[in-house]
2 protein chains.
Amino acid sequence: MVTSQRRERERAQRETLIVNAAREMAEADGWPAVTVRRLAERIEYSQPVLYSHFAGRGAIVDAVALQGIGELAEALEAARAGAEPGAELAAVAQAYLDFATGHPAVFEAAFTLAEGLPFGPDAPEVLKAGFAPLFAVFAPLAGDHDPEAVTEAGWAAIHGLAVLARDGRLRPEHQEERLAVVLEKFTGR
Amino acid sequence: MVTSQRRERERAQRETLIVNAAREMAEADGWPAVTVRRLAERIEYSQPVLYSHFAGRGAIVDAVALQGIGELAEALEAARAGAEPGAELAAVAQAYLDFATGHPAVFEAAFTLAEGLPFGPDAPEVLKAGFAPLFAVFAPLAGDHDPEAVTEAGWAAIHGLAVLARDGRLRPEHQEERLAVVLEKFTGR
DNA sequence: CTCGGATGTCTAGCGGTGCTAGAATTTTGT
DNA sequence: ACAAAATTCTAGCACCGCTAGACATCCGAG
């Protein structure tokens with residue numbers, strides 16, 4: 001009976017082992033290289049073990065995505081809290097872009113690969129936590145608009161910078177100026 | 001000798017047949033459903049024929065992406081040219097979002113699936129053509145910034161709206177207001 | 001301490017994928 | 001008419017995600 005607790009603990013441990021392995025492999029060689037076979041070999045278990053933890057490969061990607069969104073949320077909040085007064089928006093935006101370039105595979109998992117994550121009203125707590133620091137910096141700029149709509153619009157602007165830059169669509173050497181433009185436009189100079 | 005011209009013509013014809021088939025299948029059932037086998041069956045040729053036209057599945061996706069970017073460029077330019085004076089930016093942005101929601105698979109091919117398309121200085125003509133109408137509407141708002149940087153920033157804002165909305169990250173019923181926010185912020189009210 | 005049942009893990013394999021070597025066929029020019 | 005060249009197809013490779021069923025291990029009752 002008591003041992004069942006240990007087993008459960010070991011199970012949870014192995015689950016994070018899987019997620020971490022998937023994340024590391026994706027960050028090292030890209031998501032296509034993260035196959036169930038290679039993942040199983042990496043953690044030194046057979047493939048069916050993975051399916052006893054996750055519904056399928058997609059669920060593993062989702063788990064990495066969720067973990068990543070959590071870290072992104074923390075990074076944004078930390079940036080906001082640690083910024084000079086008046087510079088919160090710039091700090092949060094910069095943190096967002098830094099996360100995207102610093103953890104490209106996790107960013108990809110969170111925003112283009114994840115398919116099983118619920119959004120909207122019944123989104124997990126972590127997702128709402130990520131929205132909070134954005135709301136904190138964009139809502140004051142709402143004027144007579146809906147603060148949430150302004151936040152979504154500002155988020156979209158930063159997110160667009162991140163994804164277009166990641167895909168090589170923008171001139172790399174002007175990233176800083178582009179961000180400056182977005183910030184000025186949203187703060188009204 | 002003369003017949004070689006006909007053969008070349010037929011070859012080109014079959015190539016567009018392939019691209020169109022891929023595009024229709026993707027738009028109907030999503031890109032994962034576009035397999036080389038199904039594509040070959042659809043055009044009533046064997047698989048190796050596809051490889052005599054394209055280097056691989058990825059190259060077919062790229063071809064759809066390129067075609068789509070061309071159409072997007074035309075749509076943006078048409079919107080700009082047909083807009084009331086002073087409403088060009090709104091018209092172009094709306095056309096961009098309409099294209100994204102109207103041809104989701106093509107949009108996906110162009111911006112998240114395409115991997116073999118060159119960007120930057122040696123980008124194909126079509127890509128630069130797509131940038132032109134954006135530059136036309138954003139450059140006048142540059143102020144003392146680099147007009148191209150402002151264009152890239154504006155493009156990113158619209159693009160971010162498109163992709164976040166597509167992935168269900170934003171409240172669907174507020175799409176119009178978000179666009180209004182972006183437009184106001186960039187035009188300075 | 002034994003041993004049947006439950007739990008956990010693995011081996012082996014299914015149908016599908018992108019891609020390709022080599023056979024078979026058709027078209028071409030003499 | 002026929003050999004050469006170009007084109008198309010058949011068949012198969014290695015890999016993918018996923019799973020049924022065999023095997024091993026651990027548990028608690030007698």
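Protein chains get the first letters and strands the later ones, always in sequence-line order, with residue 1 at the start of each.
Remark: P of dG18(C) and CZ of F54(B) are 15 Å apart, rounded to the nearest angstrom. The OH atom of Y51(A) sits 18 Å away from the P atom of dG21(D) (whole-angstrom rounding). To the nearest angstrom, P of dC26(D) lies 17 Å from CZ of R11(A).
Between F138(A) and H145(A), the distance from one ring center to the other does not fall under 6.0 angstrom. Ring centroid separation for the pair H53(B) and Y45(B) does not come in under the 6.0 Å cut-off.
Rounded to 10 degrees, the angle separating the terminal helix axes of the helix from dC1(C)-dG30(D) to dT30(C)-dA1(D), each built from five base pairs, is 20°.
Within the 4.0 Å cut-off from OP1 or OP2 of dT17(C), at least one side-chain nitrogen or oxygen of R38(B) is found. For R14(A), a side-chain nitrogen or oxygen approaches OP1 or OP2 of dT9(C) to under 4.0 Å.
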Could you go over nucleotides 22-24 of chain D and give all protein N or O partners under 3.5 Å, atom names and distances?
none

Show me the protein contacts with nucleotides 10-12 of chain C, counting only N or O atoms at under 3.5 Å.
residue : atom : partner : partner atom : Å
dC10(C) : OP2  : S46(A)  : N            : 3.0
dC10(C) : OP2  : S46(A)  : OG           : 2.8

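Between F131(B) and W155(B), the two ring planes are perpendicular [angle over 60°; tilted spans 30° to 60°].
With sequence neighbours excluded, the residues satisfying ring-ring contact (aromatic ring centres under 6.0 Å, His included) with H103(A) are F99(A).
Looking at heavy atoms from C-beta onward, F107(A) lies in side-chain contact with V163(A) at the 4.5 angstrom threshold.
The nucleotide whose nearest atom lies closest to any side-chain atom of R37(A) is, among dG18(C), dC14(C), dT9(C), dC14(C).
Here L164(A) contributes atom CG and R178(A) contributes atom CZ; the two are 8.5 Å apart, rounded to the nearest 0.5 Å.
A single hydrophobic cluster is seen to contain both V49(B) and V61(B), as judged by linkage of ILVMFWY side chains at heavy-atom distances under 4.5 Å, directly or through other members.
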Please tabulate, one pair per line, all N/O donor-acceptor pairs under 3.5 Å involving side-chain atoms of residues 18-28 of chain B, not counting sequence neighbours.
residue : atom : partner : partner atom : Å
N20(B)  : ND2  : T16(B)  : O            : 3.3
R23(B)  : NH1  : Q67(B)  : OE1          : 2.8
R23(B)  : NH1  : E71(B)  : OE1          : 3.4
R23(B)  : NH1  : E71(B)  : OE2          : 2.8
R23(B)  : NH2  : E71(B)  : OE1          : 2.8
E24(B)  : OE1  : R42(B)  : NH2          : 2.5
E27(B)  : OE1  : V106(B) : N            : 3.4
E27(B)  : OE2  : A105(B) : N            : 2.7

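Taking a 4.0 Å limit (strictly below) on heavy-atom distances, residues 22-36 of chain B reaches DNA chain C at V34(B), T35(B), V36(B).
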